[in-house]
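Structure, as structure tokens:
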Protein chains: 2
Amino acid sequence: MSRLEAATGAAPPDPAAVFAALGDPTRLALLDRLSDGRPRSISALASGGDITRQAVTKHLRVLEGAGLVASLREGRESRFAYRPEQVRQARAWLDTVSARWDDALGRLKAFVEGV
Amino acid sequence: MSRLEAATGAAPPDPAAVFAALGDPTRLALLDRLSDGRPRSISALASGGDITRQAVTKHLRVLEGAGLVASLREGRESRFAYRPEQVRQARAWLDTVSARWDDALGRLKAFVEGV
DNA sequence: GAAACGTGCAAGTATCCGGTTGCATGTCTG
DNA sequence: CAGACATGCAACCGGATACTTGCACGTTTC
């Protein structure tokens, strides 16, 4: 049922899965191309690069599984569109970690300065 | 010489590598624990979880390779500390993508509304 | 110095990942 | 209908990954 979840937008907020999906140069490039908001078909996305259409398909499925992308079948082709929600989620996680670090640093500074 | 790079802070700004390092629940948990700024030894980090000390060591080496963490040998133990630079880098990348998406969405909206 | 502690190194294993190729299926278009 | 086009499915392969176990080596500590 994970495909349905990804398609319906009920992807679980799993930071590790999102980061894992982002942790590949090819997928990052695909996302970058899709981040202009225009949905594209698989072969359209595969034509530019040097890898097979099948490889692109697999990468798109991974991105879809992480909720970073949504697919919509239109006739004989299926178009993939970028979805910003999970990116926001990932940013939120990074913000949390950064914030905690900054807090710790601030506390350390305060301690050193004798506050 | 990658160990030296990671130790001296000259890690290359490769978003995919950083995301790949973040794309594992165990590593994410380690980073989360280290993000309070307090360096910890390997066995201290391994004691809490249910995996071997060796597994923790490998994960820490991965994080170190991505520049997310720095190691410092102190006597018989080596302490690992969180490094915020790469996290900032990753956030900046996500910000870029998000911004582009928002721009594209804004332009699309404007176009649809006949502006 | 001996025991305990923290770590590193090496080998081994099962699984996942990125990528390919070959073939079958559905869908437009002439 | 026939051919071109877009995709899906399945098998396969080489390399990376996540772990483990076993052992050796430096470092405290008593």
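As a basis for the values below, the full set of heavy atoms in this structure was taken, side chains included, without hydrogen atoms, waters or symmetry mates. The chains referred to below are lettered A, B, ... by the order of the sequence lines, with proteins before strands, and numbering in each begins at 1.
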Regarding B:R27, tell me which of base, sugar-phosphate or nothing describes its non-hydrogen contacts under 4.0 Å with the strands shown. sugar-phosphate
Grab the CG-C1' distance between A:L60 and C:dG18 for me, whole Å please. 14 Å
Checking B:S78 side chain against B:E74 main chain: does a donor-acceptor pair fall under 3.5 Å? no
Residue met sooner reading DNA chain C from 5', once B:F80 and A:V62 are mapped to nucleotides: B:F80
When you check the phosphate oxygens OP1 and OP2 of C:dT20, does a side-chain N or O of A:T52 lie under 4.0 Å from one of them? yes
Could you tell me how far apart B:R40 (CZ) and C:dG6 (C1') are, to the nearest whole angstrom? 17 Å
Looking across every strand, which nucleic acid part, if any, lies under 4.0 Å from A:S43 by heavy atom: base, sugar-phosphate, or nothing? sugar-phosphate
Send over the distance from A:R61 CZ to D:dA10 P, rounded to a whole Å. 13 Å
Under the rule for ring-ring contact (aromatic ring centres under 6.0 Å, His included), what residues qualify as partners of A:F80, not counting sequence neighbours? none
Evaluate side chain to side chain donor-acceptor pair (under 3.5 Å) for B:R79 paired with B:S41, printing each intermediate quantity in order. CA-CA 4 Å; B:R79 310 178 78 81; B:S41 72; 5.5 Å; no
Do the side-chain N or O atoms of B:H59 get closer than 4.0 angstrom to the phosphate oxygens (OP1, OP2) of D:dC19? yes
Atom CG of A:L22 and atom P of C:dG18 are separated, to the nearest Å, by 12 Å
Determine whether a donor-acceptor pair (N or O, by modelled atom type, separation under 3.5 Å) exists between the side chain of B:R27 and the backbone of B:L60. no
Separation of C:dC17 C1' from A:D24 CG (nearest whole Å): 9 Å
Do you know the tightest heavy-atom contact between A:Q86 and A:L68? CB-CD2, 3.8 Å
Separation of C:dT21 atom P from A:K58 atom NZ, nearest Å, is 13 Å
Evaluate the side-chain proximity of B:L63 to B:L31: yes if any heavy-atom separation is below 4.5 Å, no if none is. yes
Pair of N/O donor and acceptor under 3.5 Å linking D:dG8 base with A:Q54 side chain: yes
Distance check needed: C:dG6 C1' versus B:R79 CZ, whole Å only. 12 Å
With distance as the sole test, does B:S98 use its side chain to make a donor-acceptor pair with the main-chain N or O of B:D95 at under 3.5 Å? no
Once each nucleotide of nucleotides 24-30 of chain C is scored for protein heavy atoms under 4.0 Å, what B/S/- sequence comes out, 5' to 3'? ---BS--
